[in-house]
Amino acid sequence: LGKYVEGLTKSCMRIILDELTSESDDNEQYNTTEGKHDLGKRPRSIVLTTYREPISRTLSSIHQLCNKQSGKRTNETLEACNECRYDFGTEVWDRVVNMTNDHYEGVAEVAALQIPDVQVISLDMVDISPALDRLRERLKADAHRRGRKGVPKVPIRQWRNPERKSVCSFAMTSEMIKSLGTAQAVYRNLTSGFL
């Protein structure tokens, strides 16, 4: 996915730079010596933030914690992962829940940013591939309209996590799910379009 996003980003930047250059030729709205740009109502910067459903994010974090790089974990974490249940290692699991809530509070702050010339785009992880595909098609159409060859070829593959459960396949408790209230509220607001 990283090379795909990188290719699209480079194409977007190339189109934006071409627009800035053509605007400076058409009318002197772009002044490189003073660093001034007048692009009307178009954003000059885009902030992209992604999110996913909080329970699946929390389970993914637990998977990362217990099944990857275990040599870097504390004994408390390793013991909790080996037991792999909430009633053993409650403090470890509650820290993961708190990290998820903190993450969503940060996502909410970014999604609510009101900065001139900056557009904030928030995407649910389940929507990111279709959104990038639509962006790629729009870039191709724009390049074709301008008489260019198109966007660079980026190999499209099915990305999969090759790793399997090795230590812990965690089952979240209702207590943990209730504790994700902050993250769930932010997620509902994001998916409903309130942020």
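None of these values were measured; they are calculated from a predicted model.
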Check against side chain to side chain contact (heavy atoms under 4.5 Å, CB included), Arg95 and Glu91: CA-CA 6 Å; Arg95 278 195 300 271; Glu91 299 81 21; 4.1 Å; yes
Derivation of the side chain to side chain contact (heavy atoms under 4.5 Å, CB included) call for Val118 and Val47: CA-CA 7 Å; Val118 175; Val47 175; 3.7 Å; yes
Met176 and Val96: CA distance, side-chain angles, deciding distance, side chain to side chain contact (heavy atoms under 4.5 Å, CB included) verdict: CA-CA 10 Å; Met176 290 178 76; Val96 176; 5.8 Å; no
Tyr51 vs Val186, side chain to side chain contact (heavy atoms under 4.5 Å, CB included): CA-CA, chis, key distance, verdict: CA-CA 10 Å; Tyr51 57 91; Val186 170; over 6 Å; no
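Around the CD atom of Glu76, the shell of radius 6.0 Å holds more than 12 heavy atoms that belong to other residues, nucleotides or ligands.
Comment: Glu53 does not engage Arg188 in a salt bridge, judged by the lack of any side-chain N to carboxylate O separation of less than 4.0 angstrom.
By the criterion of side-chain heavy atoms lying less than 4.5 angstrom apart, applied directly or through intervening Ile, Leu, Val, Met, Phe, Trp or Tyr residues, Leu65 is grouped together with Leu180 in one hydrophobic cluster. Following chains of ILVMFWY side-chain contacts shorter than 4.5 Å, one cannot reach Val126 starting from Tyr187, and the two form parts of different hydrophobic clusters.
The aromatic rings of Phe170 and Trp93 are tilted relative to each other, their planes meeting at an angle between 30° and 60°.
Side-chain atoms of Asn101 come within 3.5 Å of backbone N or O of Ser179 as a donor-acceptor pair. Panel note: side chain Glu83, backbone Arg85; no donor-acceptor pair is recorded below 3.5 Å. Of the possible donor and acceptor atoms, none in the side chain of Ser60 sits under 3.5 Å from a partner among the backbone N and O of Ser56.
Side-chain contact of Ser122 with Thr49: a donor-acceptor pair under 3.5 Å is absent, judged by distance alone.
Under the rule for a side chain to side chain donor-acceptor pair (under 3.5 Å), the partners of Asp94 that lie at least two apart in sequence or sit in another chain are Tyr86. Residues passing the side-chain contact (heavy atoms from CB on, under 4.5 Å) test with Glu137 are Lys140, sequence neighbours excluded. For Thr77, the side chain to side chain donor-acceptor pair (under 3.5 Å) partners at least two apart in sequence or on another chain are Thr74.
Taken to the nearest 0.5 Å, the OG1 atom of Thr50 stands 11.5 Å off from the CG atom of Asp127. To the nearest 0.5 angstrom, Asn67 atom CG is 7.5 Å from Cys81 atom SG. Remark: Ile55 CD1 to Met172 CE distance equals 5.5 Å, nearest 0.5 Å. Remark: Ile177 CD1 to Gln184 CD distance equals 8.0 Å, nearest 0.5 Å.
Side-chain contact between Met125 and Arg57 is absent, with no heavy-atom pair separated by less than 4.5 Å.
Remark: SG of Cys66 is not found under 2.5 Å from SG of Cys84.
Considering every non-hydrogen atom in both Arg73 and Gln64, the closest pair reads NH2-O, 3.3 Å. Taking all atoms of both residues into account, the shortest heavy-atom contact from Thr100 to Pro54 is CG2-O, 4.0 Å.
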